[in-house]
Visitor: 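Here you go, one structure.
Numbering of residues begins at 1 and proceeds along the displayed sequence.
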Amino acid sequence: MSGLQVISPGMLSLIQDRGRFGVARDGLSAGGPADLHAYCWANKLLENASTAPVLEITMGNASFLALDDVLMSLTGAETHPSIDGQPVANWRSFLLRRGETLKLGYATSGFRAYLAVAGGFDTPKVFGSSATVVRNKLGGLSESQGSAVQKGDVLPVPKLTNTDVKNELEFNWVPRFFIPKYTDEISLSVIESYQGTLFTKEAKHAFYAKPYLITDKSDRMGIRLSGEAVDAGMSGVISEGIAYGSIQFPANGQPIILLNDRQTLGGYPKIGCVSKLSLMKLAQARPGSLVHFYRGDIDYETKAYSKFIHHFSL
C-alpha cells in the first residue's frame, strides 16, 4: 500500500463512506457524508464503488503529500486547489505524483470538500462501515478510534501500477449542469410528518414565512437556526427514534435540523423532515447563511431522489 501524508488537516477532516446502517438500535449514529451529491461524484469520477471511503474536508485549508503516485478527485466546496503551486480544477480527477503536494485553500463557496482516491482509502470497517463518528469513537484510520484526521497521519491508498497511470491519464470532469452553485441563501423542501398536526396554523406560518440564520453552534449532529420562534404547542413528546433531516423544536422555539451524527432518540416535537435532496444543499451552507423553508411535494421528492440513487447505483 502507498499513502497520502497529511501535512495539514484543516479545521476538520474525516474519513466517510456511505454510513453505518442498522445500528441505531445500539445507540450508534449512521455517520456518512454530509453532502451525498459531492461524495458520489468524487467516487464516480474515479469509477470507484459507490460506498468507497473518501475524505470530507470542512472549510478547506488542508494539504497532503503523495508518498507514491495517487489518482484522485476533488468535489464540493471551492477551495482553489493547487499541486506544488500550480492550480488544478475542482470537480475533476487528476494525478498527484510521488513527492508532489496537493494544497487546498480556504473555501470561498460551499462548506465541505470531498477528496477521493482510486479504489477508495483503505480503512478498516467497524459495524460494516469506515465512516467516522467522533461522538461514538468509531471509524476512520485503524489507530484513530474515531477521531478526525491529524497532522502526520498517512491515509492508506491502493498502489497504482504503471498501467493504471497510463490508462487513467484521460481525466474525467463533472458536467457543468451537475455542478451546484453554493450560495449564502438557500431554500429547503420540508415533508411534514404526523407531528405536524401539533403545530397551529399560526406556528406554521411563522416557520415558513421568514428566513432563519444558520448559527455557529452547528455541526454534523445538527444545524441550529436562529429566527422567528415557533410554539409547538407542547414542550416535548415521548422519546422516539429520530429520522435524518428531522426539524425539531426545543423549548426556545428555535429549530434544529438533525444530520448524520445525530443522537438516535429525542423527545422534542418535530414539524417534519428536510428532503434528501435539500439536505445536500444544506451540507454546503456555512454559518451565517439564510435558510428559507417551503412545503415539499413527497411524490416529486421521491421521484427526484430515485433518479439520483439510480444514477449513482446506490
Side-chain angles (χ1 to χ4, degrees), residues 4-18 32-48 50 52-66 69-97 100-121 148-149 155 157 160 165 168-186 220 277 279-289 308 311-312:
L4 197 64
Q5 185 171 17
V6 180
I7 299 174
S8 172
M11 183 173 77
L12 179 67
S13 292
L14 302 169
I15 295 290
Q16 295 293 349
D17 58 16
R18 279 293 312 283
D35 182 359
L36 186 60
H37 175 266
Y39 164 87
C40 286
W41 272 114
N43 275 323
K44 191 175 183 66
L45 284 168
L46 299 170
E47 299 182 359
N48 286 348
S50 61
V54 310
L55 191 64
E56 180 183 272
I57 305 167
T58 300
M59 282 300 293
N61 194 34
S63 54
F64 309 91
L65 172 67
D69 291 348
V70 182
L71 183 66
M72 51 179 43
S73 64
L74 184 66
T75 62
E78 179 53 73
T79 57
H80 305 283
S82 63
I83 296 176
D84 287 350
Q86 297 300 311
V88 60
N90 201 9
W91 297 93
R92 60 160 292 183
S93 62
F94 55 92
L95 182 67
L96 188 67
R97 294 194 177 275
E100 292 182 335
T101 297
L102 171 68
K103 183 176 182 179
L104 311 183
Y106 282 106
T108 55
S109 68
F111 195 53
R112 294 177 171 94
Y114 290 83
L115 183 66
V117 298
F121 290 107
V149 167
L155 309 180
V157 176
L160 292 177
V165 174
E168 295 294 347
L169 287 181
E170 291 293 330
F171 299 120
N172 295 320
W173 282 263
V174 175
R176 184 174 299 179
F177 176 80
F178 295 106
I179 300 177
K181 292 183 179 179
Y182 302 131
T183 66
D184 293 328
E185 188 167 4
I186 59 174
R220 282 179 48 89
L277 294 179
L279 283 167
M280 300 177 204
K281 293 195 297 182
L282 180 62
Q284 295 292 354
R286 60 183 74 200
S289 297
F308 176 88
H311 180 75
F312 290 108

Visitor: On a heavy-atom basis, which atom in Ala116 and which in Ala42 lie closest, and how many Å separate them?
Guide: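 Between these two residues, the closest heavy atoms are CB-O, 3.7 Å.
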Visitor: What are the two closest non-hydrogen atoms of Leu55 and Phe121, and how far apart are they?
Guide: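 Closest pair (atom of Leu55, atom of Phe121, distance): N-CE1, 3.7 Å.
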Visitor: Answer yes or no: is there a donor N or O on one side and an acceptor on the other, between the side chain of Ser13 and the main chain of Ile57, under 3.5 Å?
Guide: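 Checking the backbone N and O of Ile57 against the side chain of Ser13, no donor-acceptor pair under 3.5 Å is found.
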Visitor: Write down the atom of Val54, the atom of Tyr114, and the distance for their closest heavy-atom approach.
Guide: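 Shortest heavy-atom separation between Val54 and Tyr114 comes out as CG2-CD2, 3.9 Å.
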Visitor: Thr108: what forms a side chain to side chain donor-acceptor pair (under 3.5 Å) with it, not counting sequence neighbours?
Guide: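 Thr108: side chain to side chain donor-acceptor pair (under 3.5 Å) contacts with His80.
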Visitor: I'd like to know if the side chain of Arg112 reaches the main chain of Ala283, judged simply by a donor and an acceptor atom lying under 3.5 Å from each other, with no hydrogens or angles considered.
Guide: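 A pair under 3.5 Å: yes.
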Visitor: Nearest 0.5 Å, what's the CD-CG distance between Glu56 and Asp17?
Guide: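 Separation between the atoms: 11.5 Å.
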Visitor: Got a second to check how far Leu115's CG is from Thr75's OG1, nearest 0.5 Å?
Guide: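 Reported value, rounded in 0.5 Å steps: 9.0 Å.
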Visitor: Show your reasoning for whether side chain to side chain contact (heavy atoms under 4.5 Å, CB included) applies to Leu104 and Leu74.
Guide: CA-CA 10 Å; Leu104 311 183; Leu74 184 66; 3.6 Å; yes
Visitor: Ignoring hydrogens and angles, tell me if any N or O in the side chain of Asn43 forms a donor-acceptor pair with the backbone of Ala52 under 3.5 Å.
Guide: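 Present.
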Visitor: Taking the side chain as C-beta and beyond, is there a heavy-atom pair between Pro180 and His37 under 4.5 Å?
Guide: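 Side-chain contact under 4.5 Å: yes.
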Visitor: Look only at the side chain of Asn172 and the backbone of Leu45, and say whether a donor-acceptor pair between them is shorter than 3.5 Å.
Guide: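 Present.
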Visitor: Do the side chain of Glu100 and the main chain of Ile83 share a donor and acceptor less than 3.5 angstrom apart?
Guide: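 No; zero donor-acceptor contacts below 3.5 Å.
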Visitor: Where is the tightest heavy-atom contact between Leu4 and Leu96, given as atom of each residue plus distance?
Guide: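 Looks like CD1-CD2, 3.8 Å.
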Visitor: Run the side chain to side chain contact (heavy atoms under 4.5 Å, CB included) test on Lys44 and His311 for me, step by step, so that the C-alpha distance in whole Å, both residues' side-chain angles and the decisive distance to 0.1 Å come before the verdict.
Guide: CA-CA 10 Å; Lys44 191 175 183 66; His311 180 75; 3.6 Å; yes
Visitor: Taking it one step at a time, do Val117 and Leu155 satisfy side chain to side chain contact (heavy atoms under 4.5 Å, CB included)?
Guide: CA-CA 10 Å; Val117 298; Leu155 309 180; over 6 Å; no
Visitor: Any side-chain heavy-atom pair from Ser63 and Leu102 closer than 4.5 angstrom?
Guide: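 The answer is no, as the side chains (C-beta and beyond) never meet within the 4.5 Å cut-off.
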Visitor: So does Phe171 get a backbone contact from the side chain of Arg92, meaning a donor-acceptor N/O pair under 3.5 Å?
Guide: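 No.
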Visitor: Quick one: does Ser82's side chain have a donor or acceptor within less than 3.5 Å of a partner on Pro87's backbone?
Guide: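 Judged by distance alone, no pair lies under 3.5 Å.
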Visitor: Could you tell me if the side chain of Met72 sits less than 4.5 Å from the side chain of Val70, heavy atoms only?
Guide: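 Yes. Closest side-chain heavy atoms under 4.5 Å.
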Visitor: For Leu65, which residues count as a side chain to side chain contact (heavy atoms under 4.5 Å, CB included) partner, sequence neighbours excluded?
Guide: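 In terms of side chain to side chain contact (heavy atoms under 4.5 Å, CB included), with neighbours along the sequence ignored, Leu65 is linked to Gln5, Ile7, Leu67, Thr101.
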Visitor: State which residues pass ring pair (Phe, Tyr, Trp, His ring centres under 6.0 Å) with Phe312; sequence neighbours excluded, sorted by chain then number.
Guide: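 Ring pair (Phe, Tyr, Trp, His ring centres under 6.0 Å) check on Phe312 returns Trp41, Phe308.
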Visitor: Below 4.5 Å, heavy atoms only, C-beta onward: do Leu14 and Leu12 meet side chain to side chain?
Guide: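 Touching, per the 4.5 Å side-chain cut-off.
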Visitor: Between Tyr182 and Lys281 (side chain of the first, backbone of the second, donor and acceptor by atom type, cut-off under 3.5 Å), is there such a pair?
Guide: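 Checking the backbone N and O of Lys281 against the side chain of Tyr182, no donor-acceptor pair under 3.5 Å is found.
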Visitor: Taking all non-hydrogen atoms of both residues into account, name the closest pair between Asn90 and Ala77 and its distance.
Guide: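 Closest approach of Asn90 to Ala77, heavy atoms only: ND2-O, 3.1 Å.
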Visitor: Do the side chains of Asp35 and Phe111 get nearer than 4.5 Å, heavy atoms only?
Guide: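 Sidechains of Asp35 and Phe111: no contact.
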Visitor: Examine distances only and state if a side-chain atom of Ser289 and a backbone atom of Ala285 form a donor-acceptor pair shorter than 3.5 Å.
Guide: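 A pair under 3.5 Å: no.
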Visitor: Does Gln16 reach the main-chain N or O of Pro53 with its side chain, forming a donor-acceptor pair under 3.5 Å?
Guide: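 Judged by distance alone, no pair lies under 3.5 Å.
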Visitor: Considering non-hydrogen atoms only, spot the tightest contact between Ser73 and Leu46 and give its length.
Guide: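 Distance-wise, the nearest heavy atoms are OG-CD1, 3.6 Å.
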